[in-house]
Every structure is written in C-alpha cells, then in structure tokens.
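Notes follow the structure.
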Amino acid sequence: IINSSARYRQKAIYVNGSKDVTIQNNDVRGSGSGSQNAAIRLEAISSDKMPGGLLLTGNKFDNKSGAHVYLANLSNQVIRGKPEAGATVVLDRDDGFGTTSYGFYASQLNSSSISGLDVSGPANTMNGEGMYISEANDLLIENSNASNRGAGIHVGNTISPAKDITIKNNNVSGSGSCLPNNAPGYAIQLDKIEASKLKGGLYIAGNNYANAKCGLRISDMSGAHIAAGVGAEVNVVIGANANISTVSTTAIYLNKVLDSSIKGVDLSWGGGGHSGSGVIVNSCTNILVSGVHVSGRVNGVNIPNGSGHKVSCSRLLRNTTGLTAPGPTEVRDVIFHGNTLGLKALPGLLKVVAAKNYWGAADGSNSAGGSGDKYSGPVDASSPLSKANTCALVGANCSIAGDPCNDGKHCTVGDKCASSLCEGTKTAKWWSGGACLACNCNSQGSANLNCNEADGKCTCNQGSSGDKCDTG
C-alpha cells in the first residue's frame, strides 16, 4: 500500500492477519479516532520474506486526529524515529507522527526494539500518553523522547504480564500527571512485569525525570531492586543524571510489590520548601529501604501499610514527616534530623521497632525527653544512638540540602567528607574505615592543611616527612 490518500477516516489503513506488508508514503492526515482506532492499525503480521514481515515508513500524519499507529501481535520489529538500515517501522516526527494527545500504542509486541522515537507533548502540558505497550516480551525502549505527557512510557497492565522489559536513556522530563489509582500518570510506569531472562523481568536506567510531577511507578511484581548505580542485583538505576530531585509530587511509587529494595538513592526535593514524597510503598511485602537520603519532602519515606518492611542506614532530614510506617516495621541506624516529625507510627496492635536510631541530638528524641526529632504512635524507640552510625553517612556531603553539618562551621558546600555528626569544627578531613577524620597536617611541616582523601597523607615542605609532615 503506497502513495495513497486515506484522510479523515476512523481507521485509514487496517491490516490484520497477513505476511510481508509494505505501507509507505501514504497520506492519513486527519484519520484515527482513539488509541485503538488508530490511523494505521496493524495486527498479526508475520514474516515470509521480509524482516519482521513489515515495512512501515514515510506516511504522513497531523495533529488533528486520534492515535496515529497501533501495532498488535507483532514480533521482531525494529521501530525507529528516523530512517535507518534494518528498520521495519519508521515513525518520523517530521512526518507529523506523535503530535496528537495519543503517542505510540502497541499490544503483544515481542522481541522488538524502539529507539529514537519522538512522542513528546507540547511544553508544560502533560498531555496524553507518550508510549503505551500493554503486553510485551523481550522489549527494548531506548533513546526516545516521551516528555511533557500525562504518562511518559507505560508498559504492562494489571491483567496479562509483560516480560523482560528494558527502558534506558529516555527523556521523560515534564511527564507524569499523577492520576489516581491504576490510571497511567507517571513519567515511567511498569505494571505486572515477570522475569524470563532478565532479573525481575526488567532493567531501567539512564532515564531523565527532570521536572516530572510523578516519576517512577512499579506495580504488581517482585524482585525490583532500585539503586543509585549498577550492581549485580540492581535492575532499576536512579543515578545523578535522573534529576529525581526535581520530581515534585512522588519520586518513586511501589504498589503491590514483593521482595524488593531501594538502596543508596537520593530522593530529596531540590526546590524550596517541602514538596511531595520521596518514596511511597503501598500494599507491598518485604521491602528494604537502606542507605536512602530524603530531605525537603512533605513525606520522606511513606509506608502506609504492608508487612515485612525494613528501613536502615538512611538519612531523613528536614522533611515535614521523615518516615511513616506501620508496625512491626523495623527501623534501625537511621538519622532523623530537622524533621517536623521524625517518625509517624501508624495506629495498630504492633509497634514500629525503632531502637538504635539517631534522632539528631545526643540526648535522643524530644518524645523521650531529649532535644532531637519527635516520634508519634506505637513506637519502640529504645537505645537511641548518641551519634549517627557511619553506615548512614555513606555519600553524605555538604552539598546536600538539609545536612545538619552544612552550617559554615563544621563544613561547607563541596566538602566531600562532611559528617552528619558535626563533631569538631571545620577542618580538612579524609575518609577512613567508614569515618570522617581530621587531616591533622603539621602547620609548619606541611605545604597546606589539606590531605589526600584516600590515605590521609599530607603534602610536606622540603625537609619534612611523615604522613603528617611532623618529622624533620
């Protein structure tokens, strides 16, 4: 089907149950009335001679219609945003593709890849969906633009599972309208993902969430392990370039997730005042939150229900509420500091087990007669720490908003070895054995008072020697 005009139709071109189909250089502007009644709808196309059984390219769309393309029950598709060798589907923004409130839609798209697609909405609109693939097996989505959409990239549904989904290096900035319940409303949303080859059935990394309202939602699955960097167990990477500090309402939302973890991620709000939640853990079982830093949020870590949860070695600073959790959630080695309410234990028969935490003051929580952060509800806050456990200081530095050391006396912005203990006064420091130590360079024997961050050795003047330049 080439060089034809099928304008202003509910469906312009519809092909179902065929082999080796070419649809090229057709004018379907003004056609398409909804997500499944797309201008071009292709189903159950298989291959005899052609790769993937399909060549779809050069067709003209506009912004006056519904969905442009809907693909169903297809395999081995190479979907690209610009013409390139080996592409079976080319959906070019210059041809008008992706300019309506409906982006790219597919179901049962297997062993396929999507790269370089531009399904972005108008700036500051959060309009419609960028991509929605309801069922898929072995699917790669990369290097695409799904910004300024109500839902940026949405894979899976709550009925039929998707398997082995990779979503990496996409732009979902300005997306995520936070629609309630199971409605698509996140910059990236994954529902009911199962494993076949990939651990947990997914790999998410390198995506840009800048200025999203709601960031990442994972639902109805197990084995999601979220971290700031790559690791043997990690299948969701939220690195520094994710810009998660600009996600205003909910950075991460876990819903009906089992046996999963969030480790070492900074989910702080980077703007003024307090905004949204760092992470919400809803209707989940056995979730570990460890080494997480959250500051400037209305709710730092919000666990409204579920069981088997643990929160450890984390820094919850300058939030309205640092942690909300039900009993018997285990909370240990957490720094609560500068929160209006450090810990809110939800009503119930079981207590939140919050022994051995640092409440921001050596004498413990205000709720137990000290001067540190308060807690409320059924809490076992016995054996408070007089200073923070160093496990909660990994990655701490004075560039983090709300760090209690960032007062100009103990450290300043850019000091890589800042300690939330605020022991001593501002001085050159180095990191050793999980502790932040003073350099103690000899003032006469050393060239300056700074030392090597790795080994603590000072730079000596001529005639002086020793690690601290105190011999000579």
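Numbers here are sequence positions counted from 1. What you see below is based on every heavy atom in this structure, not just the backbone, and it leaves out hydrogens, waters and symmetry mates.
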**Asked** Is it true that Glu43 and Arg41 make a salt bridge, defined as a side-chain N closer than 4.0 Å to a carboxylate O?
**Response** yes
Side-chain H-bond candidate by donor/acceptor type, [X] with [Y], under 3.5 Å:
X      : Y      : answer
Ser134 : Ser107 : yes
Asp191 : Asn157 : no
Arg93  : Thr99  : no
Thr321 : Asn319 : no

**Prompt:** Near Arg9 CZ, under 6.0 Å, is it more than 12 heavy atoms from other residues, nucleotides or ligands?
**Reply:**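 Not buried by this count: 12 neighbours or fewer within 6.0 Å.
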**Request:** Could you tell me which non-hydrogen atom of Asp62 sits nearest to which non-hydrogen atom of His68, and how far apart they are?
**Result:** O-NE2, 2.7 Å
**Asked** Which atom pair, heavy atoms only, marks the closest approach of His309 to Ile303?
**Response** CD2-CG2, 3.4 Å
**Pairing residues for Tyr209 by the ring-ring contact (aromatic ring centres under 6.0 Å, His included) criterion, not counting sequence neighbours** = none
Return a table of donor-acceptor pairs under 3.5 angstrom between the side chains of residues 278-290 and protein atoms on other chains or two or more places apart.
residue : atom : partner : partner atom : Å
Asn282  : OD1  : Asn305  : ND2          : 3.1
Asn282  : ND2  : Tyr253  : OH           : 3.4
Asn282  : ND2  : Asn255  : OD1          : 2.9
Asn286  : ND2  : Asp259  : OD1          : 3.0
Ser290  : OG   : Ser312  : OG           : 3.2

**Prompt:** Side-chain contact, heavy-atom cut-off 4.5 Å: Asn76 with Pro51?
**Reply:**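 Side chain of Asn76 against side chain of Pro51, heavy atoms only: no contact under 4.5 Å found.
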**Item:** Within-4.5 Å side-chain heavy-atom neighbours: Val234 and Tyr203
**Value:**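 They are not in side-chain contact.
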Between the side chain of [X] and the main-chain N/O of [Y], is any donor-acceptor distance below 3.5 Å?
X      : Y      : result
Asp373 : Asn339 : yes
Ser260 : Gly223 : yes
Thr324 : Asn302 : no
Ser245 : Gly270 : no

**Complete:** Contacts satisfying salt bridge (Lys or Arg N to Asp or Glu O under 4.0 Å) that involve residues 20-31 (not counting sequence neighbours) are Arg7-Asp27, Asp27-Arg29
